[in-house]
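Notes follow once the structure below has been shown.
On a predicted model such as this, the values are computed, not experimentally measured, just so you know. As the structure lists them, so they are numbered: ligands from 1, and atoms in each ligand from 1.
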Amino acid sequence: MKTWVYIDHFNGQVVGASWEALGLAKTFGPASAVIFGVGLGDLAKQAFEFGADEVLLADDASLKDFRPETYAATLTAAASAGPNLVLLPNTSRAREMAAMAALDLNSGVLVDVTGLELDGEKVIATRPIYEGKLFEKITCSANPQFVTLRGRAFPRPASQPGKSGATTHLPVAGESLTSVEGYEPGESGVSLADAGVVVSGGRGVSNNPSLGLDEKATAQKGFELVAELAGVLGGAIGASRAAVDAGYIPYSSQVGQTGKVVSPDLYIAAGISGAIQHIVGIRGAKVVVAINKDAEAPIFQVARYGVVGDLFTFLPALTAAFKKKLGK
Ligand SMILES: Cc1cc2nc3c(=O)[nH]c(=O)nc-3n(C[C@H](O)[C@H](O)[C@H](O)COP(=O)(O)OP(=O)(O)OC[C@H]3O[C@@H](n4cnc5c(N)ncnc54)[C@H](O)[C@@H]3O)c2cc1C
């Protein structure tokens, strides 16, 4: 089995799931890291240190920004003579190029995969369906097979500083009719997809009459408490759709069916009732902690630890306790 792993990055910042994919590939045998962009020397070094046996670079000014036409054409050209299996992190960029390259190569893509095994040359993937209620096992007989992996579903390999290997340069294929004029930040802080800890706020953050503030100002105070705890734990800030729809926090923080799917080690839900559309976004969380005034709230059914109480009282107490414990 010849496996390639596409290392997805933005301006040199690698999407963590790329290294997880590399770790998985190494369990199947030798693995090559494939990196596109410009000025990729440091990324090649990191790829070797995370276990790549070989690095394939398309390092060219025309690949400075992700453009699906050029990226997919370059991957198609290279993969036509190369691997049996191409693993990619499940980002929208990687999904787009995998779909285009698979179409050009008359192959297929298995997306959002959370488990992968080999049966001889056959790849058998496990992925959640019906909002995570069932896991299906699927296979594809095409070659090369493209598979996108859900972030944090596979362990990240340990880095081996100083490890190196052979680098091969790939020619750029295709031409892009579009170009990027610039970027504006849409979300700041720790990325929800990669976060080991997520602290989320729901509509409950706007419920504290004792502050004597209007709804939005109260919600701002509530999210300040959420942010403070997330900051102490080095985590990301999440939200329910109700909090997003009410304008308390941008959509980029929404967790759930129509937001982001997260798989942290620890998920803290404050003032969130636990509607099914929210729960489907946190099924991959290892430990869920719920803070809610209502002991009957459905979130307690999925929580390992539940606190029946007011988030405005409990969050500051939890933050103070963690600060003390972590020496911050
Ligand atoms: C097609 C569709 C897609 C959807 N997609 C999503 C999605 O992606 N993500 C998502 O989250 N929702 C989604 N929803 C909405 C979902 O159904 C719920 O309406 C939403 O999750 C409710 O958000 P909430 O729990 O913050 O608010 P509520 O249901 O209003 O719950 C607020 C909770 O806060 C508690 N509370 C109040 N005050 C306090 C306090 N001071 N301290 C502690 N607890 C307090 C209350 O007891 C209550 O349980 C979707 C709905 C549809 C129809």
Side-chain angles (χ1 to χ4, degrees), residues 90-92 111-112 128-133 150-152 186-187 191-193 195 197-230 233 235-264 266-285 288-322:
N90 195 48
T91 59
S92 41
V111 298
D112 201 18
I129 55 169
Y130 298 120
E131 309 299 356
K133 286 204 179 69
R150 180 178 282 197
R152 297 182 56 81
E187 96 184 63
S191 139
L192 270 174
V197 177
V198 176
V199 186
S200 286
R203 205 196 310 265
V205 299
S206 65
N207 180 24
N208 186 352
S210 70
L211 290 176
L213 300 169
D214 67 16
E215 177 201 331
K216 278 236 169 128
T218 307
Q220 198 182 335
K221 293 276 175 210
F223 266 111
E224 278 169 19
L225 300 179
V226 168
E228 214 186 330
L229 179 56
L233 297 175
I237 300 168
S240 70
R241 176 158 156 183
V244 169
D245 285 351
Y248 305 157
I249 189 159
Y251 168 71
S252 55
S253 297
Q254 185 178 316
V255 171
Q257 182 185 331
T258 43
K260 299 212 168 92
V261 171
V262 296
S263 312
L266 174 63
Y267 186 82
I268 302 177
I272 292 178
S273 60
I276 182 64
Q277 295 90 354
H278 189 80
I279 300 303
V280 298
I282 63 170
R283 282 201 210 279
V288 174
V289 175
I291 305 158
N292 198 302
K293 280 174 106 161
D294 175 9
E296 303 297 320
I299 189 81
F300 289 123
Q301 289 167 18
V302 296
R304 171 94 63 91
Y305 303 101
V307 178
V308 180
D310 193 318
L311 68 92
F312 282 88
T313 313
F314 192 73
L315 280 181
L318 196 57
T319 303
F322 272 120

Query raised in the report: Any idea which part of Ala275 is under 4.0 Å from ligand 1, heavy-atom wise: side chain, backbone, both or neither?
Result: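 Side chain only; the backbone of Ala275 stays clear of ligand 1.
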
Would you kindly specify which portion of Ile276 sits under 4.0 Å from ligand 1, judged on non-hydrogen atoms: side chain, backbone, both or neither?
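No part of Ile276 comes within reach of ligand 1.
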
I'd like to know if the side chain of Lys260 and the backbone of Ser253 have a donor-acceptor N/O pair within less than 3.5 Å. no

Per-atom contacts, ligand 1 versus [X] - under 4.0 Å to a heavy atom:
| X | answer |
| --- | --- |
| Gln257 | 7 (C), 8 (O) |
| Asp294 | 47 (O) |
| Gly259 | 8 (O) |
| Gly202 | 26 (O) |
| Gly256 | 7 (C), 8 (O), 9 (N) |
| Val255 | 7 (C), 8 (O), 9 (N), 10 (C), 11 (O) |
| Ser240 | 11 (O), 23 (O), 24 (P), 26 (O) |

Could you tell me if the side chain of [Y] sits less than 4.5 Å from the side chain of [X], heavy atoms only?
| X | Y | answer |
| --- | --- | --- |
| Ile279 | Ile299 | yes |
| Ile291 | Leu315 | yes |
| Arg150 | Ser263 | yes |
| Val302 | His278 | no |
| Leu233 | Ile268 | yes |
| Asn208 | Lys221 | no |

message = Heavy atom to atom 48 (C) of ligand 1, shortest distance: which of Ile291, Thr218, Asn292 holds it?
response =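 Of the listed residues, Asn292 has the closest heavy atom.
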
A student comparing Gln254, Arg203, Lys260, Glu296 should find that the heavy atom closest to atom 7 (C) of ligand 1 comes from Gln254

Among all protein heavy atoms in this structure, tell me which lies nearest to [atom], with the distance rounded to 0.1 Å.
| atom | result |
| --- | --- |
| atom 37 (C) of ligand 1 | Gly204 CA, 3.5 Å |
| atom 32 (C) of ligand 1 | Gly271 O, 3.5 Å |
| atom 2 (C) of ligand 1 | Arg241 NH1, 3.5 Å |
| atom 5 (N) of ligand 1 | Thr258 OG1, 2.6 Å |
| atom 22 (C) of ligand 1 | Ala242 CB, 3.8 Å |
| atom 40 (C) of ligand 1 | Lys293 CD, 3.4 Å |
| atom 25 (O) of ligand 1 | Ser273 N, 2.7 Å |
| atom 38 (N) of ligand 1 | Asn207 ND2, 2.9 Å |

Nearest heavy atoms of [X] and [Y], plus distance in Å:
| X | Y | answer |
| --- | --- | --- |
| Val205 | Val226 | CG1-CG2, 4.4 Å |
| Gly247 | Lys216 | O-CE, 3.8 Å |
| Ser206 | Tyr248 | OG-OH, 3.1 Å |
| Ala230 | Ala236 | CB-O, 3.9 Å |

In short, side chain to side chain donor-acceptor pair (under 3.5 Å) pairs touching residues 290-299 with sequence neighbours left out are none

Asp310 touching ligand 1 at heavy-atom level, < 4.0 angstrom: yes

Does Gly309 come within less than 4.0 angstrom of ligand 1, counting non-hydrogen atoms of the residue?
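Judged by the 4.0 Å heavy-atom criterion, Gly309 does count as contacting ligand 1.
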
query = Judging by distance only, is a nitrogen or oxygen of Phe312 under 3.5 angstrom from one on ligand 1?
reply = no

One should read off an interatomic distance between Leu192 CG and Gln254 CD, to the nearest 0.5 angstrom, of 10.5 Å

